[in-house]
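For reference, the structure is listed below as structure tokens.
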2 protein chains.
Amino acid sequence: MVTIYDIAAKANVSAMTVSRVINNTGRISEKTRAKVKRVMEELNYVPNQMARSLVLQRTNLLFLLITDITNPFYTTLARGAEDAAKKHGFRLLFGNSDENLDKENEYLDTILKTRVDGVLIAPTGDASLPHLETLRRHAVPFVLLDREVPGMESDIVLGDGKEGARQLVKHLTEMGHRRIALINGSLTASTARQRLEGFREAMKLNDLAYSDDYVLETSFGPRSDLSEIEAWLDRMTPAPTAIIAGNNVLAVEVMRTLHGRGLRVPDDLSIVCFDELASYAEIDPFLTVISQQAYQFGYLGMQMLIERIQEGEAAGPWKKIVLPSELLVRRSVKNVG
Amino acid sequence: MVTIYDIAAKANVSAMTVSRVINNTGRISEKTRAKVKRVMEELNYVPNQMARSLVLQRTNLLFLLITDITNPFYTTLARGAEDAAKKHGFRLLFGNSDENLDKENEYLDTILKTRVDGVLIAPTGDASLPHLETLRRHAVPFVLLDREVPGMESDIVLGDGKEGARQLVKHLTEMGHRRIALINGSLTASTARQRLEGFREAMKLNDLAYSDDYVLETSFGPRSDLSEIEAWLDRMTPAPTAIIAGNNVLAVEVMRTLHGRGLRVPDDLSIVCFDELASYAEIDPFLTVISQQAYQFGYLGMQMLIERIQEGEAAGPWKKIVLPSELLVRRSVKNVG
DNA sequence: AATGTTTATGTTACCGATAACTCTAAATTA
DNA sequence: TAATTTAGAGTTATCGGTAACATAAACATT
């Protein structure tokens with residue numbers, strides 16, 4: 001491997017002079033600069049980032065940890081994060097925790113060992129607190145995405161789940177629905193709590209009966225076994241006329257289950273959910289959804305992170321960005337008025 | 001930041017002893033080992049991977065470069081690659097070239113500077129040759145994914161595009177179609193060439209007329225402007241009864257265009273394509289496709305890469321894995337027989 | 001008892017870069 | 001002309017680890 005010393009020797013200068021040429025620092029005569037540059041090209045020299053990182057005490061690396069790489073909400077978010085990182089000259093490592101605390105922990109280890117300059121993280125849930133505390137203790141700047149973690153203050157990008165739930169309930173009532181069910185992710189995730197809370201409030205506001213039987217708490221991630229959902233559907237009597245799904249994955253799981261029973265959406269049952277399905281895979285979008293600005297989650301989160309890194313101590317108080325979401329009415333709700 | 005020397009000082013041993021404890025090398029008395037471990041915990045010590053990388057001349061980092069992070073084929077592939085990397089204790093950097101040679105080049109720079117141990121790359125096309133030559137020149141092991149690049153021998157994972165095209169044509173003819181069109185990616189990508197070749201051969205084999213007018217060469221990536229596809233549809237007279245799309249993105253773009261014209265699939269026009277759409281977003285899969293084993297592309301490719309890295313010179317001749325694909329007949333083809 | 005082995009640990013040099021300081025010759029100033 | 005400044009380099013130490021070699025004490029061997 002060609003080093004700065006090889007260049008120095010061949011160009012008859014010191015290593016420091018080569019370093020100065022590379023980084024455009026200090027004073028170098030045009031003649032020397034040209035000579036060094038020529039030798040660098042001749043030898044195909046590429047600076048060793050590891051060596052620089054070691055002495056500069058910064059790696060120029062950031063880490064993006066998401067919970068489900070097959071979920072278009074997160075890949076779109078990732079795209080936003082990547083664009084923002086690239087714009088500022090940072091490189092991006094990434095990992096996928098699969099909504100799994102142990103996996104999250106393994107990635108945490110990688111993050112610390114690698115001495116990344118900062119972390120963009122969608123935590124699996126409240127139980128991520130110790131992980132975040134570890135990051136804080138090691139002075140690794142981080143920005144939370146999508147989910148709050150009680151007990152940990154930090155920069156954060158959130159959606160307004162409560163408002164989203166309200167809008168969904170409002171839309172459903174306007175379409176004449178009165179028996180509305182909710183399938184939700186684990187309440188250890190703040191998003192699930194928010195959406196439940198918004199749901200309950202909106203039900204009350206619209207004088208609709210709220211019953212725990214009509215709410216299922218499960219996981220936001222994909223599953224192989226639909227029996228939990230089957231049992232829930234059976235349990236609800238009388239059957240709801242509409243279901244709100246806590247995210248896109250859950251909407252799909254419910255629709256799968258219904259499909260298996262020969263039930264059709266929206267003819268037999270209406271469905272709405274949070275988050276879009278695949279970004280472009282849907283030719284003729286069918287589901288009525290609360291659409292979140294996934295790209296902005298990543299882009300703005302990354303921007304906050306980089307700001308925090310570059311300003312260091314001077315970055316001021318924690319910032320919280322709440323991104324508005326939008327109701328997109330499509331064809332998965334039947335008018336039963 | 002806590003270093004090995006801080007541990008050494010507090011435990012009254014040399015840095016080397018600490019290093020031995022960390023790496024489980026050499027001989028250490030149980031007493032010393034325990035003492036060192038205790039101090040490490042007390043001080044929350046985490047080894048500095050950069051420093052290790054520098055002296056060991058390996059980073060334990062791999063790089064995955066894909067061409068479209070919003071395409072489920074590639075995210076599924078990424079998932080496979082991530083799983084395989086993790087299994088072998090490697091960390092994964094990733095990038096997204098967007099089918100863009102310049103972006104690919106920028107990532108190449110990152111790859112070289114970072115001294116990653118290996119690269120898994122889906123090249124944008126034949127023009128990636130100089131990039132691959134640069135990797136080769138710098139002795140960076142790499143495995144190609146999905147696309148061949150003429151002039152560059154290497155380990156590679158491919159699908160059988162020719163056979164896939166044959167199967168699609170066969171299926172369409174069995175359904176009575178005789179005027180079949182093909183919308184394809186750029187022929188600078190080997191996949192596009194293969195699929196075209198298979199298409200022409202199959203047309204001939206089935207005694208169907210082949211005309212260049214019925215083939216559109218465009219880009220595999222998503223686009224904002226559908227006019228190129230509009231023009232192509234207008235150009236074909238008589239209109240085809242079926243269209244083969246060179247990948248999932250193109251199928252969606254065509255369906256969007258048709259949707260805009262009020263044409264319905266499959267009633268007015270049949271469509272088939274290569275690759276699945278979103279992995280779980282489709283509740284009730286509609287498109288008849290040639291499904292490729294996206295996860296295996298990533299998983300096996302990563303495995304080959306790691307093998308190549310670990311065996312070094314002794315890894316033997318280049319390996320080529322051709323993954324079979326499967327025709328999944330669904331509802332996007334009308335029987336016009 | 002003298003010597004050879006083994007075990008446990010320490011010393012030194014180095015990986016490839018940069019910061020901070022030093023040095024020299026030429027240019028500028030008094 | 002002598003003193004001072006400055007442009008354009010070079011020297012040395014350091015980042016946080018590890019390999020290779022060195023060493024001291026304990027134990028075994030003849």
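Chain letters run A, B, ... following the sequence lines, proteins first, then strands; residues in each count from 1.
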Whole-Å distance, A/R33 CZ to D/dA7 C1', equals 13 Å
Assess, by modelled atom type and distance only, whether the side chains of B/T70 and B/D68 contain a donor and an acceptor separated by less than 3.5 Å. yes
Nearest listed nucleotide, side chain of A/L56, among C/dA19, C/dT9, D/dC15: C/dA19
Does the side chain of B/E104 come under 3.5 Å of the side chain of B/S128 through a donor N or O and an acceptor N or O? yes
Nucleotide C/dG16, atom P - distance to CD1 of A/I7 in whole Å: 12 Å
At 4.0 Å (heavy atoms only), tell me whether B/S53 reaches a base, stays on the sugar-phosphate, or touches nothing. nothing
Please compare A/A15 and A/R27 by the position of their nearest nucleotide in DNA chain D and report the one closer to 5'. A/R27
May I ask you to say whether B/E42 pairs ionically with B/R38, meaning some side-chain N is under 4.0 Å from a carboxylate O? yes
Classify the nucleic acid contact of A/Q49 as base, sugar-phosphate or nothing, counting any heavy atom under 4.0 Å across all strands shown. nothing
Give the rounded distance in Å between these two atoms: CG of A/N24 and C1' of C/dT18. 15 Å
Using a cut-off of 4.0 Å on non-hydrogen atoms, how would the nucleic acid contact of A/S14 be classed: base, sugar-phosphate, or nothing? base
Candidates D/dA19, D/dC15, D/dG17 - which lies nearest the side chain of B/M16: D/dA19
Out of C/dA17, D/dG17, D/dT18, which nucleotide sits closest to the side chain of B/A51? D/dG17
Closer than 4.0 Å, any side-chain N/O of B/T32 to the OP1 or OP2 of C/dA8? no
From the options C/dA17, D/dG16, C/dT9, select the nucleotide whose nearest atom is closest to the side chain of A/N48. C/dA17
Distance check needed: C/dG16 C1' versus B/M50 CE, whole Å only. 14 Å
Atom CD of B/E30 and atom C1' of C/dT7: how far apart are they, to the nearest Å? 14 Å
May I have the distance from B/K113 (atom NZ) to C/dA17 (atom P), rounded to whole angstrom? 12 Å
Can you check whether B/S19 has a side-chain N or O nearer than 4.0 Å to OP1 or OP2 of D/dG17? no
Tell me yes or no: between the side chains of A/T59 and A/D117, is some donor less than 3.5 Å from an acceptor? yes
Kindly indicate, with the supporting measurements, whether the criterion side chain to side chain donor-acceptor pair (under 3.5 Å) is fulfilled by A/K87 and A/Y299. CA-CA 10 Å; A/K87 189 177 137 201; A/Y299 195 90; 3.1 Å; yes
Take the protein atom CG of A/L54 and the nucleotide atom C1' of D/dT18, then report the distance between them rounded to whole Å. 13 Å
Side chain of A/T17 only, heavy atoms from C-beta on: which candidate in C/dC15, D/dG10, D/dG17 is closest? D/dG10
What is the separation between atom CE on A/M40 and atom P on C/dG16, rounded to the nearest whole Å? 17 Å
Nearest of C/dA17, D/dT18, C/dG10 to any side-chain atom of B/R20? C/dG10
Phosphate-side-chain proximity, A/Q57 and D/dG16, N/O vs OP1/OP2 below 4.0 Å: yes
How far apart are the C-alpha atoms of B/F142 and B/D155, what are their side-chain angles, what is the distance that settles it, and do they pass the side chain to side chain contact (heavy atoms under 4.5 Å, CB included) test? CA-CA 7 Å; B/F142 63 87; B/D155 291 323; over 6 Å; no
Confirm from the modelled atom types if B/Y5 and D/dG17 form a donor-acceptor pair under 3.5 Å, side chain to base only. yes
Of the candidates C/dC15, D/dA9, C/dA17, the side chain of A/S29 sits closest to D/dA9
